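The model shown is predicted, which means the values in this text are computed figures rather than measured ones. Order of the sequence lines sets the chain letters (A, B, ...), proteins ahead of strands, with each chain counted from 1.
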Amino acid sequence: MIMKKIIIEITALLLCLILIFTVTSRIGFVLIPERHDFGGTWNMYLEEPKDSIDLMFLGSSHAYCNIIPASIHQSTGISSYVLSAPCLTMPLAYYYLKEGLKTQSPKVIMLECTAFFFNRYMGQAKAAIGYMPRGYNRLMSTLSSAEPSERLGLFFPLYNYHDRWDTVPVSSFFTKRADQNPDINAGYTYLNECKAQQSVQERVFEYTNDDLELQKKYLKKIIELCKKEGIRLEIFIAPACLQVSQADMKILKDCAQDTQVVDFNDNFDGYGFDLGTDFYDSRHLNFSGAVKFTTALCEYVKKFDLETKQSALWDSRVKNYNKLLGDYELKN
Amino acid sequence: MNFNSLQYLLFLPITLTLYFVLPKKIKNPMLLVASYFFYACWQPIYACLMLFSTAVTYLSGLLISKKVFGKRRLWLVLCFIVNLAILFFFKYFNFFSSSAAALLNLTCFSVEAPKLNVLLPVGISFYTFQALGYTADIYRGTVPAEKNFIDYALFVSFFPQLVAGPIERTGNILPQLKRNNKFSFLNLEKGTTLIIWGFFKKVLIADNAAVIVNTVYNAPKEHGALSLIFATVCFALQIYCDFSAYSDIAKGSAKIIGIELMQNFDCPYFAQSIKDFWRRWHISLSTWFKDYLYFPLGGSRKGTLRTLINLIIVFAVSGLWHGAALTFVLWGLLHGIYQVLGIIFMPVKQKLYSIVKKDSPSLVIIRTLGTFTLVCIGWIVFRANSVLDLVYIFKTIFTFAGITDITITTLGLSWKMTAVLFLSAAAMFITELLNRDGRVQKLISQKTIVRYISYFVIIVAILLFGYYGDGFDMQDFVYFQF
């Protein structure tokens, strides 16, 4: 009799806990603000047709501000995507890659590595991890890259967003989120503002030895993972007015060993940048600059010999890109 | 360590597990260490102060019971002097020194009040009164002196009720602490229910109500009469839900161990007179004052006038117990005056009852609403940040200044959240009213499905509507400051 009661109680308790977890997870998912750009756009990434991406750009804002996949597709027919997050350090990039490979099988990955020199905690965990699908990779991203004070909110999103309940209509609990559609920009973030730059300078990073060791460890893990998966990996630094120093580049190249490392700043003058009009700030290109850099990048990626793919989705992306181009030229 | 913290959610199961797996001999020492750890999480140094106070009262208890040097009263008085001196030093010195200086300044003397820069030890009023109650009980011979220092120290510092009561009696707690409490599923279930209920009242109702209260009471001059009245009703909600939530969590935590703490609240806002209110509000403090101050003063045995004076004294001291500020003393005095007027007008009341049936629903409603209004007037005095604010608030409310000037959404909560707050409060009051005879608890205990559905609804409500998380300042329990 007592045993029967204990079994009933334990079963009821477990059911209650599962129900609480399920319901609050669903509510938490609905209450997280929609995210359409500036990286961490996992809901949109997961809407990409399975195994449709051949070239994946992985990186921080230096990737999502500077690379326009629609432009690459228009010029080369290659299907590419920018899987990124603000301040995507190497530990985060590793778990992003592992998670990203669950739905896509890119032939080539180009890893933008400016964030190799960032600190472990950059105060962007909520945006970078908060939209990742639940599971081991999200858990490890949280433990490796979120400040302790931010972890609870990442384990349990209601902690961060429960007070938004009165801003969200009840119908959203039963419908798809607006950011659960394929990204029309394929991971690129459109920036039309402009801040004129005076000159090109060396960027000074303030990383600690511990931070750098952690970054090296995870860069090596990324390299190993790509080898294991048979993916060609290239490491690169995107162009900016504040550029990675030669000393820092050496650290990166030493860590990358036999993996190709390209500093696109080496050809900075070759892209035809106008310091007065092509920069969003000293670290990022705006749309005009991104168009110029991506044009150069198109030539670069041709060497990968990736197959060309056509689809309605890519047609609409190219169309949207040309519209942005037209609007931007009209405006300026 | 706050009850509404993650640390407590870890601390409690660990302590409970250790308690039940350890042999009887080590149970109480372990609980004592856990209780001191619980207290030291706030201010480690003040744990020493509590230990000192414990040692003094323990020793006094032995000296009184053994009539050392043939004296009993001497040890009792000494014990009271030492403990009340500590309380005075930490809690009241600055208040009395600034009040004295202000008085002297009024009489042409220019005096600067000396100020002590010390933090108020959390819960000092609670454990001091509990320990003093123990020595008074020994003096009266109602309980024997406790010889085991560990058990006695645990009685003073028992973590569930350490910092905000209930102020327990020796006869209730010490025997329960001394017995070999074993794990009981029923205790776990009842305790858990009380804890979840406490969190519901604290995190969902009290802390959300506090947003409105703080918005209005921290800037009363920016608000009209209706806003002030609305905020006062919210404060009535806040202070009840905050304080009774602490008692519920304390009772629940102790219940799981197998220890029954005394009831501290009994639907006080359904009282039909102020006298009735004080039988239902902070019962452990009211009975403490009745037993250890009102009765020694003579209670109602020395004539009507003396009874009235005793009531005023008890309530003024009760007000002062709450905090070292004139507003608290005034609040106590106001309740004393309410009681005095209740006695004076008793013949009129009796006459009225001979005309109108005492238990008629309309009279019950009128009496309940009237009592609630008087209590709310008291809460204005209690909550006002200063006497000047208090005067302004009363003036605004009673002259109906800016009576139409209220927009709920400018008081800190959205209208939807305000609606949820009041719906939750209504659900809470109805549940507690129905549970006066224990029927809700019985239903929850007997029907597993009802229990778990209740847990589910309450926990989801707390997680969705509660005042917690990123961007929220976790609110301390109001009574911690006392």
Dump the table of donor-acceptor contacts under 3.5 Å between chain B and chain A, or return none if there are none.
residue, atom, partner, partner atom, Å
Ser414(B), OG, Asp166(A), OD2, 2.4
Lys416(B), NZ, Asp166(A), O, 3.3
Arg451(B), NH2, Glu9(A), OE1, 2.6
Arg451(B), NH2, Glu9(A), OE2, 2.1
Tyr452(B), OH, Glu9(A), OE1, 2.9
Leu464(B), O, His162(A), ND1, 3.2
Gly466(B), O, His162(A), ND1, 3.4
Tyr468(B), O, His162(A), NE2, 2.6
Asp470(B), N, Tyr159(A), O, 3.1
Asp470(B), OD2, Lys126(A), NZ, 2.4

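- One distance of note links CG of Leu152(A) with CG of Leu6(B); it measures 5.5 Å at 0.5 Å rounding.
- The 12-atom threshold is not exceeded at CZ of Phe37(B), counting heavy atoms of other residues, nucleotides or ligands nearer than 6.0 Å.
- Comparing Gly28(A), Gly153(A), Ala12(A) by heavy-atom pairs within less than 4.5 Å of chain B, the highest count is held by Ala12(A).
- Proximity to chain B (any heavy atom under 4.5 Å) is shown, for Leu158(A), by both the backbone and the side chain.
- Contacts between Leu17(A) and chain B at a heavy-atom distance below 4.5 Å are absent for every atom of the residue.
- Taken to the nearest 0.5 Å, the CD1 atom of Ile20(A) stands 4.0 Å off from the CD1 atom of Ile459(B).
- The 12-atom threshold is not exceeded at CD1 of Ile449(B), counting heavy atoms of other residues, nucleotides or ligands nearer than 6.0 Å.
- Contacts of Leu464(B) with chain A are made by both backbone and side-chain atoms, with heavy-atom separations under 4.5 Å.
- Between Val460(B) and Leu19(A), every side-chain heavy-atom pair lies at or beyond the 4.5 Å cut-off.
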